[in-house]
Every structure is written in C-alpha cells, then in structure tokens.
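Have a look at this one.
What you are looking at is a predicted structure, and each value in this text was computed from that prediction instead of being measured.
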Amino acid sequence: MRDILDLHTHTIVSGHAYNTINEMVAAAQRKGLELLGVTEHAPKMPGSCNSIYFANFRVLPRKRDGLTVLYGAELNILDYEGHVDLSEEMLRELDLVIASLHIPCIQPGTKEENTRAYLKAMENPYLNIVGHPDDVRYPVEYRPIVECAKEHGILLEVNNSSLKPESFRGDPREAYREMLSLCREYQQPIVMGSDAHVDISVGVHAEAQKLLEEVGFPEELIVNTSVDKIKSYLNYFKEKR
C-alpha cells in the first residue's frame, strides 16, 4: 500500500517528545512523505506549550523542498461534554486539528460518558481527526462514534503507537476490529497516524498496516494513500469558515 502522509506527530514543545520541527521534517523527507502534520499537544497537557505558540504558526513555511508541512494541535477533550483546550477563534487558524482523550486531562468515565465526550467534541466545526479512539481505559460505543464521524466529515485514526507492545493504552486490537468493521459498513474513511514523539517514528505505520491487512480493510477507505484523497478533511485545504 502506498503510504505518503503522517498527520500525527509531536516536537519538543509538546513536553514529552524529543526532536525539533526541522528534525521531524528531515525525517519525513528521508522517508519520501509528501505531507507531514505537526500536531503539538494543546495547553492542558502537562509540560506542553501555551496558546500563544499556536497563534504564531503563520510564520512557518508550509512547503519544504517538496514536502507539505501542516501545523496544528492535538486537543485534549476536557469533559464529557466535549469541551477542548483551545478556543474556536484559535482553531480557525490551524491547518489541522486532532482531538483525543488523555489521562492527565480527563479521567475515564462510563462507556456512555466516554462516548458522549467524543460525540460532543465532533460537533466542533474545526475538528478533522479523532486521535487514538482505542484506549481500553476509555471504553466506548463505536457505532455512534462512526455515525457521527461520517455525519461531520471527520477521520478516525488508527494509531500506530497504540498498537506497539509497549503502549500504555492497553491492547486496542479488539476495539479496532469493532471500529473498523463499522467503518467498512458505513464507508467511513480512516487515517493511520504514527503519533511520533521522536524522529525515527515519523511515517512509521507498520503495526497499523498489519492490523488493517488482518481485517481486510479496504484500501480505498485509507486516506494515507493520496494527498488528494485527504484534502476534503483538513482545514488547510478548505475555504476559511
């Protein structure tokens, strides 16, 4: 399978990652990627940058020797009503936006509460991707999540980092099998994300690809194969709303 983009990566300003933007860009170029997303953890993640960092992305070039580099945030969903830690005014200026559940920012609730947190977050008009909807500590009902993603034109991520043996989110394979079966049923696209916190992990989706192959997930629903295929999902390629 052709795999030419990675939209979920972090640099040193996220507080627990280990490379600069330039080092992550260089890694993406070495691996032949065409599109890279730098999505720093939003301010409520301990040790991450504050909101002014995201306000200054306008100074950064989006074209780097044949590589398109987009700048955005991995938002923290803060409560079961889907509130996040950057304002809509700020989100309007970002190239792409991921939203995720993280233990430092929201404690796991019931299956109903966790599901509602995702559903309410997906009502945000600037959200592009739901990040790692696989954490076994946050049990959810996948059918309404897939239905909501389809309704709002949001991608669901298959997170390569979650699938590694050392993942602290638990074994997500059964959760992903359920989610992917529903994505096939609803013809809902997914995106593979490395969740790279170090340059050697940029563009690495081996575990995600293995799982997708195991379940026979259709390639036409995997947006990593084409920049054109993903354009309709990302704020950068849309008209400003």
Ser194 and Ser201 have their tightest heavy-atom pair at CB-O, 3.3 Å

If Ile, Leu, Val, Met, Phe, Trp and Tyr residues are connected whenever their side-chain heavy atoms lie under 4.5 Å apart, and connections chain through other members, are Phe237 and Tyr233 in the same group? yes

What I'd like to find out is whether the side chain of Asn159 reaches to under 4.5 Å of the side chain of Pro133, using heavy atoms alone. no

Pairwise distance CG(Leu96) to OH(Tyr126) - rounded to 0.5 angstrom: 15.0 Å

Given the rule that I, L, V, M, F, W and Y join up when any side-chain heavy atoms are under 4.5 Å apart, are Val204 and Val223 in one cluster? no

Quick one: do Val97 and Met90 end up in the same hydrophobic cluster if we chain Ile, Leu, Val, Met, Phe, Trp and Tyr together by side-chain heavy atoms under 4.5 Å apart? yes

Could Glu147 and Lys150 be called an ion pair, given the rule that one side-chain N must be under 4.0 Å from one carboxylate O? no

Do side-chain atoms of Arg184 reach the backbone of Gly216 as a donor and acceptor pair under 3.5 angstrom? yes

Okay, side chain of Glu178, backbone of Arg143: is any donor-acceptor separation there less than 3.5 Å? no

Asp134 side chain to Pro172 backbone, donor-acceptor under 3.5 Å: no

Which pair of non-hydrogen atoms, one from Asn114 and one from Gly109, has the smallest distance, and what is that distance? OD1-N, 2.8 Å

Residues which pass side-chain contact (heavy atoms from CB on, under 4.5 Å) with Ile106, listed by chain and number, not counting sequence neighbours: Tyr80, Leu101, Tyr138

4.5 Å side-chain heavy-atom contact, Phe54 and Leu91: no

Taking the six-membered ring for Trp and the single ring otherwise, decide whether the centroids of His41 and His197 are under 6.0 Å apart. yes

How many angstroms lie between atom CE of Met1 and atom CD1 of Ile222, to the nearest 0.5 angstrom? 4.5 Å

Do Leu33 and Val202 come within less than 4.5 Å of each other through their side chains, counting heavy atoms only? yes

For Ala208 and Asn160 the tightest heavy-atom approach is N-OD1, 3.0 Å

Are Met192 and Glu157 side-chain neighbours, meaning at least one heavy-atom pair lies under 4.5 Å? no

Main-chain N/O of Ile200 paired to Lys31 side chain as donor or acceptor, under 3.5 Å: yes

Ser100 and Glu74: CA distance, side-chain angles, deciding distance, side chain to side chain donor-acceptor pair (under 3.5 Å) verdict: CA-CA 7 Å; Ser100 306; Glu74 184 182 11; 2.6 Å; yes

Is the shortest side-chain heavy-atom distance between Ile154 and Asn128 below 4.5 Å? no

Does the side chain to side chain contact (heavy atoms under 4.5 Å, CB included) test come out yes or no for Val191 and His8, once each step is laid out? CA-CA 10 Å; Val191 60; His8 189 167; over 6 Å; no

Check whether any side-chain N or O of Gln29 sits under 3.5 Å from a backbone N or O of Arg64 as a donor-acceptor pair, and report yes or no. yes

OH (Tyr118) and CG (Leu156) are apart, to the nearest 0.5 Å, by 9.5 Å

Nearest 0.5 Å, please: how far is CG in Asn124 from CE in Met122? 11.5 Å

With side chains defined as the heavy atoms from C-beta onward, is the minimum distance between Thr39 and Leu7 less than 4.5 Å? no

Residue set satisfying salt bridge (charged side-chain N to carboxylate O under 4.0 Å, His left out) with Glu89, at least two apart, ordered chain then number -> none

Donor-acceptor pair, side chain of Thr115 and main chain of Lys111, under 3.5 angstrom: yes

Which value, rounded to the nearest 0.5 Å, describes the distance between Leu70 atom CG and Leu94 atom CG? 11.0 Å

Check: Asn76 main-chain N/O paired with Asp85 side-chain donor or acceptor under 3.5 Å: yes

Could you please spell out the steps behind the salt bridge (Lys or Arg N to Asp or Glu O under 4.0 Å) verdict for Lys210 and Glu207? CA-CA 5 Å; Lys210 180 180 177 182; Glu207 297 296 331; 5.2 Å; no

For Lys120, I'd like to know if atom NZ has over 12 heavy atoms of other residues, nucleotides or ligands within 6.0 Å. no

Contacts satisfying salt bridge (charged side-chain N to carboxylate O under 4.0 Å, His left out) that involve residues 188-202 (not counting sequence neighbours) are Arg169-Asp195

For a side chain to side chain contact (heavy atoms under 4.5 Å, CB included) check, start with the C-alpha distance between Met45 and His16, then their side-chain angles and the critical distance, and finish with the verdict. CA-CA 10 Å; Met45 177 63 72; His16 55 275; 4.0 Å; yes

Where do Gly170 and Val136 come nearest, in terms of heavy atoms and distance? CA-CG2, 3.7 Å

Nearest 0.5 Å, what's the OH-CD1 distance between Tyr18 and Ile12? 12.0 Å

Can Val130 be reached from Leu221 by stepping across I, L, V, M, F, W or Y side chains whose heavy atoms are under 4.5 Å apart? yes

Counting only N and O atoms by type, is there a donor-acceptor contact under 3.5 Å from the side chain of Thr9 to the main-chain atoms of Gly37? yes

Are Tyr186 and Tyr176 connected in a single hydrophobic cluster, I mean Ile/Leu/Val/Met/Phe/Trp/Tyr linked by side-chain heavy atoms less than 4.5 Å apart? yes

In chain order, what residues pass the salt bridge (charged side-chain N to carboxylate O under 4.0 Å, His left out) check against Arg2, with sequence neighbours excluded? Glu34

Treating Asp6 as the side-chain partner and Gly203 as the backbone partner, does any N or O pair qualify as donor plus acceptor under 3.5 Å? yes

Are any of the side-chain heavy atoms of Tyr71 and Ile21 separated by less than 4.5 Å? yes

Measure from the side-chain N and O atoms of Arg62 to the backbone N and O of Leu60, and report whether any donor-acceptor pair falls under 3.5 Å. yes

Could you tell me which non-hydrogen atom of Ser51 sits nearest to which non-hydrogen atom of Pro43, and how far apart they are? N-CG, 3.8 Å

State which residues pass salt bridge (charged side-chain N to carboxylate O under 4.0 Å, His left out) with Arg177; sequence neighbours excluded, sorted by chain then number. Glu174, Glu214

Walk me through whether Ile230 and Leu155 qualify under side chain to side chain contact (heavy atoms under 4.5 Å, CB included). CA-CA 9 Å; Ile230 203 170; Leu155 294 167; 4.0 Å; yes

Test side chain to side chain contact (heavy atoms under 4.5 Å, CB included) on Glu151 and Glu123 and set out the steps. CA-CA 10 Å; Glu151 177 185 355; Glu123 293 178 4; over 6 Å; no

Provide the closest heavy-atom pair for Ala149 versus Gln188 in the form atom of the first, atom of the second, distance. C-OE1, 3.6 Å

Phe217 side chain reached by Ile190 side chain, heavy atoms, under 4.5 Å: yes

Sequence-distant partners of Tyr53, ring-ring contact (aromatic ring centres under 6.0 Å, His included), two or more places apart: Phe57

